[in-house]
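Throughout, numbering of the chain's residues begins at 1 and tracks the sequence. Both backbone and side-chain heavy atoms feed into the values below; hydrogens, waters and symmetry mates do not.
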Amino acid sequence: MKRLNLVLITADQMRFDCIGALGHPDLETPHLDTLANEGVAFTRCYSATPTCIPARAALFTGQSQERHGRVGYQDGVDWDYPVTLPGELARAGYHTHCAGKMHVWPPRSLLGFHSVDLHDGFLPYRNTGTAARQWMGRIDDYLPYLQGAVGADATINDLGLGCNSWAARPWAGPERAHPTNWTVTRSADFLRRRDPTKPFFLWTSFVAPHPPLDPPAPYFELYDRRALAPPAMGDWAVRPDPAANTADGFTAALSGPQVHAMQAGYYGLITHLDHQVGRLIRELKDEGVLNDTVVLFTSDHGEMLGDHCMLRKSQPYEGSAHVPLLLWDPGGHLGLPQGGRCTALAELRDVMPTLLAIAGVPIPGCVDGKPLLDAARAGVPVRQSLHGEHTAQSGPPHSAHYLLEGEYKYIWYSHTGREQLFNLAADPRELRDLAGEAACAQTLARLRGLLARELEGREEGYSDGTRLIAGRPPVTVLRHPKL
């Protein structure tokens, strides 16, 4: 039996609701719409640790955050995982390649891939004491390409927007030199150079729509000239002092024009990415392999994009933690329902076992995730609940935890004990906090107890098994992950 090729396409910082076919009122995503309308869209997929590093650990290992150990964003910690998605596929005879972002440590670690074309974005802090222009060309494959295409003095940060900024403007260089185009160019090059006697696993890993919000001009202008739906604003949200705004903060009180420009930059990056996904599909067709290839599309985490006056990621709210997941089998090998909408509760740890199952490769015992094929075909539940968390990236140390069960999301902030409760079925934008309502007291207590049991035995001391304990010092990498 011929083994299927696998293409994993990941966006970076793309919200769950930013696909036209899934109901976004403004976004144009014709090629992602094709994946959703000819494949299966998982409408309740989450990132349990919604920033780049811990989320990618889940994608690489198929493990929960309690097992891979990364419960916050901390770079510079070795990725010493013996079992990875590309490694298992390589051992099973697949030719494996990644084009784009990996965000592992040390940089250029293969993590089981046979080869990598690497672009992790602009991460100037990764080599302290040395100017980024002096070392990024040693570890980043995109920068030498950019300098060859634009000029020897070009840098990744020429626009000055910053890698976590809400500021936006059009890309200044030729469109073909944009990192999104480059990622597909390198993916297409792998398809031409691959070993034709083996099935292949290609991970096309975009940096977009992660800031800088710099789409090519036609894509920025597509949204800049339109009226756009405003961010969600819960009755519990606190508007910061505009005088305290920063270029890369996690909260800000932005003006109407600032919000509009941010949305235009973010949406422009997504439509640009979508068109490059279409280009990649065309490359698969031209190589004659599309109908023997399964494509999975997802993102490592979302973007608050002004919801509740919040920006960036790491938050337990829908804009940050809820991500898209599309499974497309153009050759019809898997028996998936065309245009399926699966409401099973999924998480990024499920990507590895799903792809291994499609490849017919045994799922290692250290993998916590579940294959999603039965859920995609028949709506079979994957799990009853999901615990997510994130330790603060900056500012006073704290951790935010969320628990999903049924239609409810429970949130607990470990440093203060603050609780929130949302009914996502009735209130998907989290506009109304139910934690203080007497009618919801029993639900709140039940979910609090469930989280207490989930956190029992953790080294931070968040729980004694029956109650949550606020004020305990958090960590970003567990010293004693679950074995």
Ring centroid separation H260 to Y267 under 6.0 Å: no

Ring-ring centroid check Y94 F201, cutoff 6.0 Å: no

Can you find a pair of side-chain heavy atoms, one from [X] and one from [Y], that are under 4.5 Å apart?
{"X": "H322", "Y": "K409", "value": "no"}
{"X": "I358", "Y": "L6", "value": "yes"}
{"X": "M102", "Y": "V116", "value": "yes"}
{"X": "T476", "Y": "Y73", "value": "no"}
{"X": "L213", "Y": "L269", "value": "yes"}
{"X": "R383", "Y": "E347", "value": "yes"}
{"X": "C309", "Y": "M233", "value": "yes"}
{"X": "L296", "Y": "V351", "value": "yes"}

Do [X] and [Y] pair up side chain to side chain, a donor and an acceptor below 3.5 Å, judged on atom types alone?
{"X": "S320", "Y": "Q315", "answer": "no"}
{"X": "T96", "Y": "H114", "answer": "yes"}
{"X": "D195", "Y": "H95", "answer": "no"}
{"X": "S187", "Y": "T204", "answer": "yes"}
{"X": "D33", "Y": "T29", "answer": "yes"}
{"X": "Q147", "Y": "Y142", "answer": "no"}
{"X": "N164", "Y": "K313", "answer": "yes"}
{"X": "H401", "Y": "H387", "answer": "yes"}
{"X": "N157", "Y": "T155", "answer": "no"}
{"X": "H97", "Y": "S115", "answer": "yes"}
{"X": "W166", "Y": "Q258", "answer": "no"}
{"X": "E303", "Y": "H210", "answer": "no"}

Does [Y] offer a backbone N or O that forms a donor-acceptor pair with the side chain of [X] under 3.5 Å?
{"X": "S299", "Y": "M14", "result": "yes"}
{"X": "H308", "Y": "M310", "result": "no"}
{"X": "Q263", "Y": "A229", "result": "yes"}
{"X": "D274", "Y": "H31", "result": "yes"}
{"X": "H24", "Y": "L27", "result": "yes"}
{"X": "S109", "Y": "L111", "result": "no"}
{"X": "E430", "Y": "E318", "result": "yes"}
{"X": "T183", "Y": "A99", "result": "no"}
{"X": "H390", "Y": "P50", "result": "no"}

The single option from [options] passing side-chain contact (heavy atoms from CB on, under 4.5 Å) against [X]:
{"X": "H272", "options": "Y219, F220, W171", "value": "Y219"}
{"X": "V40", "options": "L336, L372, L334", "value": "L336"}
{"X": "D141", "options": "R108, R186, H119", "value": "R108"}

Atom pair [atom1] ([X]) and [atom2] ([Y]), whose distance is rounded to the nearest 0.5 Å:
{"X": "L327", "Y": "L373", "atom1": "CG", "atom2": "CG", "value": "6.5 Å"}
{"X": "D248", "Y": "L161", "atom1": "CG", "atom2": "CG", "value": "12.0 Å"}
{"X": "C98", "Y": "D117", "atom1": "SG", "atom2": "CG", "value": "8.5 Å"}
{"X": "L348", "Y": "T49", "atom1": "CG", "atom2": "OG1", "value": "7.5 Å"}
{"X": "I9", "Y": "W328", "atom1": "CD1", "atom2": "CH2", "value": "8.5 Å"}

Atom of [X], atom of [Y] and distance for their closest heavy-atom approach:
{"X": "A177", "Y": "A149", "answer": "CB-CB, 4.2 Å"}
{"X": "A41", "Y": "L326", "answer": "CB-CD2, 3.5 Å"}
{"X": "G121", "Y": "V207", "answer": "N-CG2, 3.9 Å"}

Step-by-step side chain to side chain contact (heavy atoms under 4.5 Å, CB included) determination, R312 to M304: CA-CA 5 Å; R312 299 174 60 180; M304 290 304 295; over 6 Å; no

Any carboxylate oxygen within less than 4.0 angstrom of a Lys/Arg side-chain nitrogen, looking at [X] and [Y]?
{"X": "K2", "Y": "D292", "value": "yes"}
{"X": "R226", "Y": "E28", "value": "yes"}
{"X": "D307", "Y": "R15", "value": "yes"}
{"X": "R349", "Y": "D368", "value": "no"}
{"X": "D12", "Y": "R56", "value": "yes"}

side-chain hydrogen bond (donor to acceptor under 3.5 Å, both in side chains) between R67 and T61, worked out: CA-CA 9 Å; R67 195 187 294 254; T61 67; over 6 Å; no

W79 six-ring face occupied by R70 cation (under 6.0 Å, within 45°): yes

Verdict with supporting geometry, L35 and I281, side chain to side chain contact (heavy atoms under 4.5 Å, CB included): CA-CA 10 Å; L35 271 61; I281 292 170; 3.9 Å; yes

Aromatic ring pairing Y145/W182, orientation class (parallel under 30°, perpendicular over 60°, tilted between):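 Judged by the thresholds at 30° and 60°, the geometry between Y145 and W182 is tilted.
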
Aromatic ring pairing Y46/Y402, orientation class (parallel under 30°, perpendicular over 60°, tilted between): tilted

Residue from R192, R282, R194, R193 passing salt bridge (Lys or Arg N to Asp or Glu O under 4.0 Å) with E287: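 One option only clears the test, and that one is R194.
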
Stepwise side chain to side chain contact (heavy atoms under 4.5 Å, CB included) check, M262 with L305: CA-CA 8 Å; M262 174 179 65; L305 203 67; 3.9 Å; yes

Residues S205, T10; criterion side-chain hydrogen bond (donor to acceptor under 3.5 Å, both in side chains); working and verdict: CA-CA 5 Å; S205 183; T10 51; 3.2 Å; yes

Verdict with reasoning, W203 to F190, per side chain to side chain contact (heavy atoms under 4.5 Å, CB included): CA-CA 11 Å; W203 189 339; F190 165 73; over 6 Å; no

R138, CZ: over 12 other non-hydrogen atoms inside 6.0 angstrom: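 Open.
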
